[in-house]
Amino acid sequence: MKLQTIAAFFIAACAASVSLSAQNPIIRDNFSADPSAHVFEGRVYVYPSHDIPAPADYARKDWFCMADYHVYSSDNLVDWVDHGVIVDQWNVPWVNSAGYSMWAPDCNYHNGKYYFYFPAPQKPREGVRGGNGIGVAISDTPYGPFIPEEQPIQGIGGIDPCIFIDDDGTPYLAWSGRGLQLARLKDNMLELDSEPITITGIPRGQTEGPFLFKRNGKYYYTFPWVEDARETLAYCMADNPLGPYTFMGKFMEQSETICWTNHHSFIELDGQWYLFYHHNDYSPYFDKNRSVCVDYLYFNPDGTIIPVTPTLRGVGTSKAKSLIQIDRYSDKSDKYVAVDFLNSEYTFDGWKAILWNTTQEREPRWISYDRVDFEDGIKDATIRIHSLAGGKIELRSDAVDGPLIASFNVEGSPVWSERTVQVTNSLKGVHNLYLLMTDGNHLEVDWVNFK
Ligand code: FUB
């Protein structure tokens with residue numbers, strides 16, 4: 001088992017370093033859910049769970065199907081590296097390898113090691129009939145190899161572990177069992193050091209997926225909470241890690257994309273806070289295939305959380321010389337600008353922006369994308385475009401009527417094409433980008449790029 005495990009990690013390491021793109025969702029070649037984000041040595045690591053379409057040997061085609069975990073990392077929250085599989089259901093001695101239920105995990109650093117916590121259905125064995133265990137795998141680095149413990153944590157069961165290390169080095173484990181649970185861990189990170197407490201005072205509604213963090217001396221116990229039809233994100237605050245906690249309300253409403261679950265984590269990087277969460281962007285008709293997103297997060301002066309509205313644009317700055325996926329827009333003129341999949345049969349191909357006009361409506365339709373870094377200047381602009389009848393496009397900076405960067409006469413064509421023009425204005429530094437349709441009735445844009 002150990003040899004197989006090491007071989008699997010070697011293969012995963014060789015398959016790693018796939019560079020992914022910016023914007024939401026941040027993981028664009030796989031489904032990903034339940035993101036646990038942490039900053040280790042100045043780099044952001046995200047430990048999500050991994051939704052997959054149900055294989056032939058898994059009967060529940062309409063349910064979550066999850067067999068392994070990847071870890072992703074980034075130093076700018078824009079370019080993400082997939083480090084490959086770190087733990088899977090076939091390589092943990094106590095896990096039922098036909099369970100396909102490796103749900104929300106977490107990872108944290110303590111005394112020179114990285115501890116990865118994950119829930120999974122247990123293999124029936126002597127003294128154990130089954131049920132969900134919470135296991136630990138240990139590594140010298142945040143990206144593995146992680147070596148799983150032979151047994152799950154004794155005395156607890158449930159899902160969605162979260163490991164929090166207080167400023168004095170004391171570890172705490174939060175999880176969802178019979179209600180939202182919390183206990184102190186021993187320094188070995190493998191055994192409870194206190195009786196679990198149940199977080200109370202939350203108004204009626206299903207809860208799961210806790211995440212615990214500390215800011216300015218206050219403890220935040222945060223969790224998905226079903227107030228109405230689907231999961232919102234809500235929180236409690238306390239002055240001590242083991243409470244008592246006070247319910248503070250919601251900080252994200254239920255998804256507009258009809259994703260029943262949400263699951264989240266918080267990080268602070270260089271003084272800015274970020275919220276990681278998931279929706280079902282790549283799978284609008286099956287909400288058990290989810291995708292991780294990240295948005296900026298702010299606090300009120302009294303420490304309460306300012307509610308977050310999910311964006312497509314996400315966080316960070318995009319290089320002008322990368323492919324700017326303008327369909328991940330910051331703002332748009334009106335309902336005559338929309339977004340759709342490029343290929344509804346394979347949604348990971350991404351999206352296109354669609355701009356259209358009726359003959360009565362001659363105001364330019366526009367779509368904008370904030371925070372593009374033009375660095376030390378540009379010469380050419382390229383757009384990937386599709387329009388049967390043709391039209392005109394302008395790129396402007398900073399505002400709808402801001403400085404003109406480039407204009408394109410688009411000839412009608414039944415197929416997608418790339419058009420390049422010289423820019424009229426060589427911008428430097430970071431600007432917001434505006435794309436306007438100044439003539440035409442229907443144009444579709446895949447991306448914009450500058451050289
Ligand atoms: O991903 C499976 C489950 O859905 C997680 O464990 C929950 O938190 C919810 O996101």
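Atoms within each ligand, like the ligands themselves, are counted from 1 in listed order.
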| query | Is there a side chain to side chain donor-acceptor pair (under 3.5 Å) between Q181 and S176 once you walk through the steps? | reply | CA-CA 6 Å; Q181 305 288 295; S176 174; over 6 Å; no
| Passes side-chain contact (heavy atoms from CB on, under 4.5 Å), F40 versus N108? Steps please. | CA-CA 9 Å; F40 297 132; N108 219 327; 3.7 Å; yes
| query | Centre of F299's six-membered ring, under 6.0 Å away, within 45 degrees of the axis: is that where NZ or CZ of R215 sits? | reply | yes
| said: Within 45 degrees of the ring normal and closer than 6.0 Å to the centroid, is that where the cationic atom of R365 sits relative to W356? | reply: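 No - R365 does not lie over the ring of W356 by the 6.0 Å and 45° rule.
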Report all N/O contacts between ligand 1 and the protein shorter than 3.5 Å as a table of atom names and distances to 0.1 Å; if there are none, say 'none'.
unit_1	atom_1	unit_2	atom_2	d
ligand 1	1 (O)	D34	OD2	2.5
ligand 1	1 (O)	R290	NH1	3.2
ligand 1	1 (O)	R290	NH2	2.7
ligand 1	4 (O)	R290	NH1	3.2
ligand 1	6 (O)	A104	N	3.4
ligand 1	6 (O)	D160	OD1	2.4
ligand 1	6 (O)	D160	OD2	3.4
ligand 1	8 (O)	D160	OD2	2.8
ligand 1	8 (O)	H263	ND1	2.7
ligand 1	10 (O)	D34	OD1	2.7
ligand 1	10 (O)	R290	NH1	3.3

| Aromatic ring proximity Y114/Y109, centre distance under 6.0 Å | yes
Hey, can you pull the donor-acceptor pairs under 3.5 Å for the side chains in residues 127-147, sequence neighbours left out?
unit_1	atom_1	unit_2	atom_2	d
N132	ND2	G158	O	3.2
S139	OG	T141	N	2.9
S139	OG	T141	O	2.7
S139	OG	P145	O	3.1
D140	OD1	K113	NZ	2.6
T141	OG1	Y143	N	3.3
T141	OG1	G144	N	3.1
T141	OG1	G144	O	2.6

